[in-house]
There are 2 protein chains.
Amino acid sequence: MEKTDKKVIKKRLEEIGKEIVEQAKSKKVPYIRVPSRTTNNIVFDPKSLCYVIGDKTITRSAGNIRHVKPLAQMLKVASFCKELVEEELKHETKRGLYYISESWGEKLKFDEQPESDNIIEDIEAIIGEPREDFHIIPNPGGAVYGDLTLKFKNPSGKMMKINCLQTADGQTIGPRMSEAEIAECNAKRVIAIETSGMYNRFMEENAHKKFNAILVNLEGQATRATRRLIKRLNEIKKLPVYIFTDGDPWGLHIAMVIMAGSAKSAHINKMLATPSAKWIGVTASDIKKYKLRSDKLKDVDIKRIKELKKDPRYKSDKRLLEELKIWEEIKKKAEQQALLKYGLRYVVDEYFPAKLKEMEKK
Amino acid sequence: MEKTDKKVIKKRLEEIGKEIVEQAKSKKVPYIRVPSRTTNNIVFDPKSLCYVIGDKTITRSAGNIRHVKPLAQMLKVASFCKELVEEELKHETKRGLYYISESWGEKLKFDEQPESDNIIEDIEAIIGEPREDFHIIPNPGGAVYGDLTLKFKNPSGKMMKINCLQTADGQTIGPRMSEAEIAECNAKRVIAIETSGMYNRFMEENAHKKFNAILVNLEGQATRATRRLIKRLNEIKKLPVYIFTDGDPWGLHIAMVIMAGSAKSAHINKMLATPSAKWIGVTASDIKKYKLRSDKLKDVDIKRIKELKKDPRYKSDKRLLEELKIWEEIKKKAEQQALLKYGLRYVVDEYFPAKLKEMEKK
């Protein structure tokens with residue numbers, strides 16, 4: 001997934017407005033066709049293992065009084081984003097955009113943030129690129145550590161190169177990190193870890209050297225910026241991705257969102273998901289095999305397992321379905337740090353190599 | 001606050017055990033005196049503006065059947081931490097320690113994490129140093145950007161220097177960052193920012209150059225690691241600290257915890273708090289003056305204001321009390337990003353310089 005050229009992005013944003021102008025010139029009632037993002041246009045694509053959107057579109061027409069305002073707002077947002085892309089060094093958040101709209105006057109300003117969020121997602125669907133590419137950025141989150149050199153322009157416009165071993169605790173994954181050019185990468189795989197505690201354990205046991213890996217701290221559910229970076233390492237550098245989470249259905253689903261995206265962002269999943277990523281564990285089988293300290297599954301956990309079993313993303317993976325069944329049988333969950341009962345080194349010296357071997361056989 | 005030498009920390013940990021051994025040798029029933037951390041021993045210290053603990057102690061005696069297990073566990077934890085300090089490069093989290101205790105056998109293992117957390121806090125109180133110093137680390141969180149060079153040993157034991165401008169989105173503040181030696185610092189102040197969106201705005205508007213500042217992304221409530229780093233920059237490098245939050249009682253309290261710590265950690269507040277730090281805003285007055293888009297205060301916000309007005313940390317600061325009163329009058333709150341209504345540059349070009357001038361006059 002090499003990044004789409006900024007000139008192309010700019011052109012696509014411009015085209016949204018140009019179409020309206022052309023229609024008006026030829027005395028047509030101006031309208032925009034937007035790929036529909038409602039449930040009845042979201043389908044599961046077995047090939048990419050993602051939810052994607054289908055062919056249905058909706059039309060926003062200046063002939064419909066209820067459409068006039070959002071149509072005008074979309075043009076204004078597209079124009080604002082075009083300016084950001086032209087300025088090159090500036091980005092804003094969705095929340096920021098909502099506040100900026102106040103300066104657009106009473107007729108164009110957004111009354112509630114869901115209105116502006118909706119337009120951002122429409123633009124993503126129209127131009128087929130994630131909002132990062134038109135400089136509407138998600139929050140930073142997570143960190144990366146390993147032999148990876150990234151190239152980017154700093155806020156003053158100076159081209160910089162940084163190596164992700166030149167850091168004490170990791171480089172924060174924010175808008176510039178997730179979109180940076182991958183200048184050099186000597187690692188052979190990516191290991192993404194759910195908790196900060198285990199990420200620190202991996203750093204301190206030199207797992208990045210032992211497994212020749214880039215370590216990613218997910219800090220729970222992976223942020224969008226982190227998912228982008230993981231996907232880019234996977235696609236551009238062909239690095240296999242392994243995800244290590246707590247041993248419960250929520251941990252497994254953290255892995256699934258990295259692998260297949262979420263139903264909510266069907267229009268953009270293909271740009272964010274890494275279908276070849278593999279969930280290492282802690283599996284339900286691991287809880288039994290390693291006799292991990294565990295807690296009883298709560299009703300809400302059991303309910304979650306039942307939901308996941310019906311989810312097409314799980315149905316297509318025998319191993320995951322099997323693990324969901326084992327959870328239902330043993331009715332227990334365990335955190336990844338439970339492996340520390342065998343000492344500080346065990347997880348990197350024994351558990352992970354064994355799991356890696358098992359996964360690489362498949 | 002130069003860091004206490006590791007040898008001193010090691011000695012203090014050893015002394016906990018040595019005392020017990022001496023008592024046993026001289027046929028006394030062994031006991032440990034621990035500074036009491038209960039409410040009736042927490043007092044407000046007007047000088048440091050912190051809650052601190054008083055002189056009361058509790059005694060854990062081997063002569064009391066209910067004390068035997070926690071007494072033995074404390075010795076085991078102190079011994080484990082001593083090993084971490086000796087190993088130099090390894091750290092664990094409180095959660096990790098709880099799991100590690102499983103390998104100590106049925107008699108010593110912790111049944112619930114609050115038990116091990118409690119012992120960690122007792123050891124902090126006994127030796128008068130925060131747990132970071134005996135390698136029980138908090139979660140990472142927040143990021144730092146600016147002309148600051150830190151020196152530390154990386155996980156392989158190699159001494160490294162990093163500059164916090166050599167990063168795309170900031171250096172993550174984790175265990176090595178917060179405790180690193182401050183090798184060089186050319187900045188004149190610290191600006192700590194509540195939200196990632198505003199932190200990015202400050203970076204992109206080159207606020208670090210304009211104000212000759214180190215920018216800190218708090219990402220909401222400041223983590224303990226972030227508070228340590230801020231305090232160390234303030235004490236060692238004498239940098240004034242300015243805190244910029246959302247304009248509501250919760251934002252103000254984020255600033256207060258940086259300034260004065262929390263009641264819960266009275267035994268260690270003096271090691272974490274920065275009493276000279278100043279809250280820049282968004283103040284209640286700012287909401288009026290800058291006509292910011294605002295939301296109505298909810299019942300829970302109003303309740304919070306009433307609590308804060310009674311809090312001794314606020315009672316001693318006329319300006320803060322005044323702002324709490326204005327909030328009660330206007331019954332409105334505003335986010336820091338609301339300042340974007342005046343354009344992307346305004347907050348760094350106009351708002352912040354005006355506020356800084358106002359604060360530096362006082």
Side-chain angles (χ1 to χ4, degrees), chain A residues 89-103 137 139-143 145 150 152 154-156 160 162 165-178 180 195-201 203-206 208-209 217 219 225 293 335 337-344, chain B residues 89-103 137 139-143 145 150 152 154-156 160 162 165-178 180 195-201 203-206 208-209 217 219 225 293 335 337-344:
Chain A
L89 301 173
K90 298 214 179 175
H91 307 76
E92 249 312 324
T93 60
K94 289 198 291 183
R95 189 84 182 142
L97 176 73
Y98 158 72
Y99 281 116
I100 284 164
S101 78
E102 267 215 282
S103 62
I137 52 172
N139 275 335
Y145 186 73
L150 297 172
F152 59 92
N154 79 359
S156 311
M160 292 186 80
I162 57 160
L165 286 173
Q166 296 296 314
T167 172
D169 297 308
Q171 292 278 359
T172 298
I173 305 174
R176 278 157 291 271
M177 278 292 281
S178 68
T195 67
S196 296
M198 189 50 83
Y199 163 77
N200 181 65
R201 194 74 273 116
M203 276 180 77
E204 293 190 350
E205 304 307 330
N206 284 296
H208 51 292
K209 286 187 188 168
N217 183 4
E219 294 179 4
R293 187 189 281 224
E335 293 179 356
Q337 285 185 298
L339 286 156
L340 290 174
K341 70 182 263 193
Y342 298 112
L344 293 180
Chain B
L89 301 174
K90 299 214 180 176
H91 307 76
E92 250 311 324
T93 60
K94 289 198 291 183
R95 190 83 182 143
L97 176 72
Y98 158 72
Y99 281 116
I100 284 163
S101 78
E102 268 215 284
S103 62
I137 52 171
N139 275 335
Y145 186 73
L150 296 172
F152 59 92
N154 79 359
S156 311
M160 292 187 80
I162 57 160
L165 286 173
Q166 297 296 314
T167 172
D169 297 308
Q171 292 278 0
T172 298
I173 305 174
R176 278 158 291 271
M177 278 293 281
S178 68
T195 68
S196 296
M198 189 51 83
Y199 163 78
N200 181 65
R201 194 74 272 116
M203 276 180 77
E204 293 190 350
E205 304 307 329
N206 284 296
H208 51 292
K209 286 187 188 167
N217 182 5
E219 294 178 4
R293 186 189 282 225
E335 293 179 357
Q337 285 184 298
L339 286 157
L340 290 174
K341 70 182 262 192
Y342 299 112
L344 293 180

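Proteins come first, then strands; the chains are lettered A, B, ... in the order of their sequence lines, and each starts at number 1.
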Output the option from [options] having the highest count of non-hydrogen pairs under 4.5 Å with chain B.
options: K90(A), H208(A), M203(A); answer: K90(A)
options: Q171(A), M177(A), Q166(A); answer: Q171(A)
options: G343(A), P175(A), A180(A); answer: P175(A)
options: S103(A), A225(A), G170(A), P140(A); answer: G170(A)
options: L97(A), D169(A), I137(A), T167(A); answer: D169(A)
options: E205(A), K94(A), E219(A); answer: E205(A)

Interface moiety of [X] toward chain B, non-hydrogen atoms closer than 4.5 Å:
X: T195(A); answer: neither
X: I100(A); answer: both
X: L344(A); answer: side chain
X: K209(A); answer: side chain

TODO: Report the residues that fulfil salt bridge (Lys or Arg N to Asp or Glu O under 4.0 Å) with K341(B), sequence neighbours left out, ordered by chain and then residue number.
DONE: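 Scan of K341(B) (salt bridge (Lys or Arg N to Asp or Glu O under 4.0 Å), adjacent residues dropped) gives none.
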Task: E335(A): side chain to side chain contact (heavy atoms under 4.5 Å, CB included) partners, not counting sequence neighbours - done: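 Applying side chain to side chain contact (heavy atoms under 4.5 Å, CB included) to E335(A) gives D246(A), R95(B), Y99(B).
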Closest heavy-atom contact between [X] and [Y]?
X: H91(A); Y: N200(B); value: O-ND2, 3.6 Å
X: Y145(A); Y: N154(B); value: OH-CB, 4.4 Å
X: T93(A); Y: Q337(B); value: OG1-NE2, 3.0 Å

TODO: In sequence, state the C-alpha distance, the side-chain angles, and the governing distance for E204(B) and E92(A), and then conclude on side chain to side chain contact (heavy atoms under 4.5 Å, CB included).
DONE: CA-CA 10 Å; E204(B) 293 190 350; E92(A) 249 312 324; over 6 Å; no
Between [options], which has the largest tally of heavy atom pairs under 4.5 Å with chain A?
options: S101(B), G142(B), G174(B); value: G174(B)
options: Y98(B), Y342(B), Y199(B); value: Y98(B)
options: G96(B), G197(B), A338(B); value: A338(B)

TODO: Answer with side chain, backbone, both or neither: which region of L340(B) has an atom nearer than 4.5 Å to a non-hydrogen atom of chain A?
DONE: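 Both backbone and side chain of L340(B) come within 4.5 Å of chain A.
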- [ ] Taking N139(A) for its side chain and S196(B) for its backbone only, find out whether a donor-acceptor pair lies under 3.5 Å.
- [x]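 Not confirmed, N139(A) side chain does not pair with S196(B) backbone.
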